[in-house]
Every structure is written in structure tokens, then in C-alpha cells.
**Q** 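Once you've had a glance at the structure underneath, I'll fire off some questions.
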Amino acid sequence: MQNSRLSSSFFLSDVLEVAPALVGKKLVRCFDNGEIRSYRITETEAYRGEEDQACHARRGRTQRNRIMYHEGGVVYVYFIYGMYWMLNFVSSEKDFPSAVLIRGIEGFDGPGKVGRELKLDASFYGESLLNSKRIWVETATGPVQYACSPRIGINYAGEEWMRKPWRFSLIRTTNR
DNA sequence: GTTAAGATTCCG
DNA sequence: GGAATCTTAACG
């Protein structure tokens, strides 16, 4: 139980398996002052391949998205709207660009709030979830139910891609 | 070198 | 509905 950090094989699967599987897992963050907090992941979104018009890799490899072509298990962060750091976990095999956007963690609903709470910055770009001392993901026990729905904020991607039900939200049943 | 737009959130 | 705010990408 101490050593329940998710391993490489978890992140090497297709992003459409990894994204829903992350719902309900525990995101652990060790801050610079030594404080450790863990949060249950409540909402994720999948971005999959160059053909996905909502994905940052839709125009091929660039300076910003190059980490998406890395094999699964590393962090992809980027700054947007001049205010927010978005947290993503790269998945799948090397050279297939895909990532899971962490849209919500327990108590912090919304990708911008997640980044702010976790005090993310550019230094997390490419951080490995497999051996980082600052951020990683742990397994959680018990059954998890989630709902699928269309992704948010991707109007530019076109009808076909806007419709994909690639957002995964935790459903609370008994608790609360 | 310059410019336009974005996986959002908060406030009015 | 609009502002906040800055990086990236797409020009030239």
C-alpha cells in the first residue's frame, strides 16, 4: 500500500484507456516546503493523435507539443490565457502524440484551478511520473463510476471532434 | 520581428 | 458578456 505509484505500463496504453482509468486515482504532489498532499482525480479529457483536430499535435511536432510524442508517463504542461498552467499526462507509445488533460481534482474543479492549486510552472515540462519526487499518481481502491461527455473549449476543432465523448467525470454515488 | 488566438476562470 | 494575460505558431 505504501508503494502504489502507477508504473510505466499503465501510461503506455492508448489514451482512451488511460484517461478514464485515471478517474478516481490519487494525484500526489510534494511541494517545495516538504508538504505532501494527495487529491482524487475527478475529471479528465483525452487528446489523441495528429488527426484529432482538438489536440495540440494536430499540426505536427512543435517546440511546445514535442513532449506529447514521448512515451507515456511524463508530464506535459503549457501556459494558456496568460494565467493558467494546464496539467497533462502523456500516454501511449513513443511517437504517437496523446495526452490526458487533468480537468479536475477533488475540491478543485476546472483545469485552471488544478494548475493553480498544484503550483505548476514550466519546470514540470517533461517531468517523469514514474520517478519524480514532486508529482506522481497512485492507485486507489474500490470501484469507480464515471460518465462520458464531449470535451470542453474546443470549438475550433470542428463538429466531428467536438462530438467525441472523450471527457471522463467521476460519479459520486454513496459518499457525500 | 510582429501578430493572432487559445484544453479558462473570474467578475460585473 | 468581457477582461485578465503570455506563450506558441504562423506569418513575413
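Lettering follows sequence order; numbering is per chain, from 1.
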**Q** So, A:Tyr125 and A:Glu127: side-chain donor and acceptor under 3.5 Å apart, yes or no?
**A** no
**Q** Rounded off to whole Å, could you give me the CE-to-C1' distance for the A:Met68 and C:dT8 pair?
**A** 14 Å
**Q** Tell me, what's DNA chain C's dot-bracket, Watson-Crick or G-U with both distances under 3.5 Å, | for other-strand, [ ] crossing?
**A** ||||.||||||.
**Q** Do the two ring centres, one from A:Tyr78 and one from A:His56, sit under 6.0 Å apart?
**A**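 Yes: the rings meet the under 6.0 Å criterion.
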**Q** How long is the line joining CZ of A:Arg151 and P of B:dA7, in whole Å?
**A** 11 Å
**Q** Does B:dA7 have OP1 or OP2 sitting under 4.0 Å from an N or O in the side chain of A:Tyr156?
**A**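 Indeed, a polar side-chain atom of A:Tyr156 lies that close.
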**Q** Strictly by modelled atom types, are A:Glu117 and A:Tyr39 linked by a side-chain donor-acceptor pair under 3.5 Å?
**A** yes
**Q** Restricting to non-hydrogen atoms, name the atom on A:Ser91 and the atom on A:Val18 that form the minimum distance, rounded to 0.1 Å.
**A**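 Result for this residue pair: CB-CG2, 4.0 Å.
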**Q** Would you kindly say whether A:His70 and A:Tyr76 are connected by a side-chain donor-acceptor distance under 3.5 Å?
**A** no
**Q** Is it the case that A:Arg116 places NZ or CZ above or below the six-membered ring of A:Phe108, under 6.0 angstrom from the centre and within 45 degrees of the axis?
**A** no
**Q** Reckon A:Arg116 has a side-chain N or O less than 4.0 Å from the OP1 or OP2 of B:dC10?
**A**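 Yes.
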**Q** Would you indicate which nucleotide in B:dA7, C:dA9, B:dT9 comes nearest to any side-chain atom of A:Tyr47?
**A**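 When the side chain of A:Tyr47 is considered, B:dA7 is the closest of B:dA7, C:dA9, B:dT9.
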**Q** Does A:Ile80 reach a base, just sugar-phosphate, or nothing at all? Heavy atoms under 4.0 Å.
**A** base
**Q** Without decimals, in angstroms, what is the distance between A:Met86 CE and C:dT5 C1'?
**A**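 Answer to the nearest Å: 13 Å.
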**Q** Could you please name the option among C:dT8, C:dC6, B:dA7 that lies closest to any side-chain atom of A:Phe79?
**A** C:dC6
**Q** Starting from P on B:dA7, measure out to CD on A:Glu43 and report it in whole angstrom.
**A**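 Roughly 16 Å, once rounded to whole Å.
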**Q** Side-chain N or O of A:Arg59 less than 4.0 angstrom from OP1 or OP2 on C:dA10?
**A**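 Checking C:dA10 against A:Arg59, a side-chain N or O does come within under 4.0 Å of OP1 or OP2.
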**Q** Within the stacking criterion (centroid distance below 5.5 Å, interplanar angle below 30°), does A:Tyr81 stack on B:dG6?
**A**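 No; by the centre-distance and plane-angle rule, A:Tyr81 does not count as stacking on B:dG6.
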**Q** Would A:Arg37 and A:Glu35 pass as an ion pair if we require N to O under 4.0 Å?
**A**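 Result for this pair is yes, salt bridge flagged.
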**Q** Without decimals, in angstroms, what is the distance between A:Gln53 CD and B:dG6 C1'?
**A** 15 Å
**Q** How far does the P atom of B:dA5 sit from the matching atom of C:dG2, given to the nearest Å?
**A**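 Those two atoms are separated by 16 Å.
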**Q** With a 4.0 Å limit, can you tell me whether A:Tyr84 has a side-chain N or O closer than that to the phosphate oxygens OP1/OP2 of B:dT8?
**A**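 Negative; the distance criterion is not met.
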**Q** Between A:His56 and B:dA7, does any side-chain N or O lie under 4.0 Å from OP1 or OP2?
**A**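 Looking at the OP1 and OP2 atoms of B:dA7, one of them is under 4.0 Å from a side-chain N or O of A:His56.
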**Q** Counting only side-chain nitrogens and oxygens, does A:Arg103 get under 4.0 Å of the OP1 or OP2 atom of B:dT8?
**A**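 For B:dT8, OP1 or OP2 has a side-chain N or O of A:Arg103 closer than 4.0 Å.
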**Q** Can you figure out which of B:dT8, B:dC10, C:dA9 approaches the side chain of A:Lys113 most closely?
**A** B:dC10
**Q** Would you kindly give the OH-to-P distance between A:Tyr78 and C:dT5, to the nearest whole Å?
**A**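 The distance from OH of A:Tyr78 to P of C:dT5 comes to 19 Å, rounded to the nearest Å.
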**Q** Salt bridge check: are A:Arg5 and A:Glu138 linked by an N-O gap of less than 4.0 Å?
**A**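 Salt bridge flag = no for A:Glu138 with A:Arg5.
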**Q** Grab the CZ-P distance between A:Arg58 and B:dA5 for me, whole Å please.
**A** 13 Å
